Amino acid sequence: MATIPLERIRNIGISAHIDSGKTTLTERILFYTGKIREIHEVRGKDGVGATMDSMDLEREKGITIASAATYATWNGSQGQIEEHNVNIIDTPGHVDFTIEVERSLRVLDGAILVLDSVAGVQSQSITVDRQMKRYGVPRLCFVNKMDRAGANYLRCADMLREKLGHHAVPILVNMGAEDKFQGVIDPIEGKAYFFEGEKGDKVVVKDVPAEYAEETKERRAKMIEQIADVDDALAEKYLSGEEVSTQELRAAIRRATIGLKMTPVLCGSAYKNKGVQVLLDAVTHYLPSPPEVRNIALDQRDGEKEVQLESNADKAFVGLAFKLQQDQYGQMTYFRIYQGKVKSGETIINCSRQLKKERVSRMFRMHSDSREEITEARAGDIVCLYGLDVASGDTFTDGSVNYTLTSMHVPDAVISLAVAPKDRSGEANFGKALNRFTKEDPTFRVRRDEESAQTIISGMGELHLEIYMERMRREYDCDVVAGKPQVAYRETITQKGEFAYTHKKQTGGSGQFARVCGYLEPLPSDAVQQYEFVNDTVGGTIPREFIPACDKGFQEAIKKGSLIGFPVVGVRVVVNDGAFHAVDSSEQAFKTAAIMAFREGYDAAKPVVMEPVMKVEVQGPQEFQGSIVGQVNQRRGVILETSTMENNVVVVAEVPLNTMFGYSTDLRSATQGKAEFSMEFAKYAAVPRSEQDTLMKQFKEKQEAERK
């Protein structure tokens, strides 16, 4: 594992909108690097399925559910470069499994953003691009499916600029498109690449065909001009009119890509086996090696001071556990090693959990669901460890330093279901499955509703929860029954509401006394926190030791709003007066007073119910535009954008999640199964008054039924 130096290691992820061809592209990369001997398709007739879709469910549904890791070596399409080690993570495109993309991008050094050559930038392309920007990941863009009718390479580059704000620079020239797509020209070195043989594995390099000579010359000049805009060294040469060599141009593209100043755009067709080897060359030329990436840790011994980690095997060991997965041998922990090295049999320290010691029993390099055992891993490697008690996002060191790395962003759940095992015999396995899934997936949450004694699971969408219920049935032999999906509503206030509550209780012995006065007010819409407590008391009207009890009381009160029993968000609580009794006041008395004071102020602050609103993108034939728009309007949707592209209509709208249940069936029947849609969480918005009244009525009926 240590034979290839760090400068020749690439840790990359492949991300895109659903059905853009990520898994097909990864399959070709593995084939051309000699990692697999046969190409299998995502929905192949051979019934085997793509290598990276190792789960039965993935093969049946033809989608990626869990990110999968693999590695390969590459020495260039012509054997022209030194051998590079490429670690690859194939990520899901469906927004319900967005955490898989989040945690992969958290640990990767570079990425390939795949676009469909016809659709270009789609809704999930925007989401994964936002995730890449969050973690500062340099990327290449691969415009896939150049063989499709309506394919347009340069239009996709324009969409990258317009919709994502990239400085997108096409670095290839496509020879034809649609059914006439033959190959690609590299204007940097002035050569044409053809991909011959049944599986495109024979790369033939020729001089640029005469009909493309003028276009190649123009595109090279335009490319140099675009790169000179973001690279000073190249700008000097360009302005002085000097000739730019291939090496100088490649070096400038590399600097600008790693500095997040530009996105090189390539093209090809993974399914038709064209352009993948040129993309692999670009990965080695333009994406960073581990030492070129700035990774920051927080030193817990020095007040969380920022420390830059070095990709050096001789430094103190630092690694991040970014994904957990269970298999037949136990729990696997996917690990990115940022600094130092680790060997089997060594003890490492979990700095995220009170310096808990863990022994590394066995270590593997993963290739989808198969593995290769190793005894040592070094900085820059992505490996799997067995036998650790760990949570996703924990930082480990060798004990000589106490560093922690920032964890990944975990989005809030938007949908809930009440679930229960079909029969009593499945209860033990039901508990085991829920325990395992919550450990593996931070966006999958489980809680027990004390009032109804039901188990509630929450997640990112219907498909997300459906997959986990199916996995319980298959992997744990536990059939599950589910209630109607429950939308994750929120409550908030719309104006200032004052409170002045006195809590008095006199029984035998010492009583209880506390008075809390102040007001509630809405937080700004862009506030990071959803609750804020401000102590404005003066003169000791409430003794200092009882202030935390007031805060606890308010925090308890916001867990369940009085309108429909959902959490209250976007509230600032200001306490400015109160009273206490030398004998009868206590922490409990002030906590109770705060709870009751909140209810008093909440009623005066005109509370409203908020619902999750989804960004929905529908794509279908133009002839069905009326049906598509009509269905969105029926669901209280607000249409943001309508565009037509190659006889297809694309409708982007914001639609309340509560109205989206059963939409896929309705859309299929209205468009003869020809339209498809994707959706992701956009924001919370107030529900219409009539809807709020209905929800409040249902809540009251439920409460009365439970009292009886």
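These figures come from a predicted structure and were not determined experimentally.
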Whether [X] side chain and [Y] backbone form a donor-acceptor pair below 3.5 Å:
X	Y	value
Gln692	Val609	yes
Gln339	Ala316	yes
Asn350	Lys356	no
Ser585	Ala582	no
Arg447	Arg445	no
Thr397	Val318	no
Gln495	Ala604	yes

### Query
Relative to each other, are the rings of Tyr489 and Phe566 parallel, tilted or perpendicular (30° and 60° limits)?
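Judged by the thresholds at 30° and 60°, the geometry between Tyr489 and Phe566 is perpendicular.
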
### Message
Check the orientation of Tyr476 and Phe437. Use parallel for under 30°, tilted for 30 to 60°, and perpendicular for over 60°.
### Response
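Rings of Tyr476 and Phe437: perpendicular, over 60°.
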
Looking at [X], I'd like to know if its [atom1] atom is crowded, meaning that more than 12 non-hydrogen atoms belonging to other residues, nucleotides or ligands lie closer than 6.0 Å.
X	atom1	value
Gln308	CD	yes
Arg544	CZ	no
Lys432	NZ	no
Gln529	CD	no
Lys133	NZ	yes

For [X] and [Y], which heavy atoms make the closest approach, and how far apart are they?
X	Y	result
Gly578	Ile542	CA-CG1, 3.8 Å
Tyr403	Thr395	O-CG2, 3.4 Å
Gly426	Cys478	O-SG, 3.6 Å
Gly561	Val568	CA-CG2, 3.6 Å
Leu523	Tyr531	CD1-N, 3.9 Å
Cys351	Val401	SG-O, 4.2 Å

### Task
Could you tell me whether Phe546 and Phe580 have their ring centroids closer than 6.0 angstrom?
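No, the ring of Phe546 stays outside the 6.0 Å limit from the ring of Phe580, centre to centre.
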
Any [X] side-chain heavy atom under 4.5 Å of [Y] side chain:
X	Y	value
Phe554	Val575	yes
Asn11	Val107	no
Val655	Met614	no
Asp423	Asp479	no
Gln530	Arg490	no
Leu563	Leu695	no
Met596	Tyr501	yes
Arg635	Val616	no

### Task
Taking the six-membered ring of Tyr338 (Phe, Tyr or Trp), confirm whether the NZ or CZ of Arg336 is under 6.0 Å from its centre and within 45° of its axis.
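Yes, a cation-pi geometry holds between Arg336 and Tyr338.
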
How far does [atom1] of [X] sit from [atom2] of [Y], to the nearest 0.5 angstrom?
X	Y	atom1	atom2	answer
Met472	Asn429	CE	CG	11.0 Å
Phe444	Met460	CZ	CE	13.5 Å
Glu611	Lys683	CD	NZ	10.5 Å
Ile348	Leu388	CD1	CG	5.5 Å
Leu320	Ser352	CG	OG	8.0 Å
Leu405	Ile296	CG	CD1	9.5 Å

### Query
Would Glu491 and Tyr602 count as having a side-chain donor-acceptor pair, cut-off 3.5 Å?
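A donor-acceptor contact under 3.5 Å links the two side chains.
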
### Task
Could you verify whether a donor N or O on one side chain and an acceptor N or O on the other, from Gln588 and Thr592, lie under 3.5 Å apart?
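Yes, a side-chain donor-acceptor pair sits under 3.5 Å.
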
### Candidate pair Met363 and Val342, rule side chain to side chain contact (heavy atoms under 4.5 Å, CB included), full reasoning
CA-CA 9 Å; Met363 208 172 355; Val342 63; 4.0 Å; yes

### Task
Begin from the C-alpha positions of Thr537 and Ile547 and carry the test side chain to side chain contact (heavy atoms under 4.5 Å, CB included) through to its verdict.
CA-CA 9 Å; Thr537 56; Ile547 294 296; 4.2 Å; yes

Can [X] and [Y] be counted as an ion pair, charged N to O under 4.0 angstrom?
X	Y	answer
Asp389	Lys439	yes
Arg689	Asp693	yes
Lys504	Asp584	no
Asp603	Arg599	no

### Audit row: Lys496, Leu520, side chain to side chain contact (heavy atoms under 4.5 Å, CB included) steps and yes/no
CA-CA 6 Å; Lys496 189 174 177 181; Leu520 313 177; over 6 Å; no

### Task
Apply the test side chain to side chain contact (heavy atoms under 4.5 Å, CB included) to residues Phe598 and Phe499: give CA-CA distance (whole Å), side-chain angles for both, the deciding distance (0.1 Å), then the verdict.
CA-CA 7 Å; Phe598 182 86; Phe499 55 80; over 6 Å; no

### Query
With respect to Ile415, which candidate in Ile457, Leu465, Asn658, Val487 satisfies the side-chain contact (heavy atoms from CB on, under 4.5 Å) definition?
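For Ile415, the side-chain contact (heavy atoms from CB on, under 4.5 Å) check succeeds only for Leu465.
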
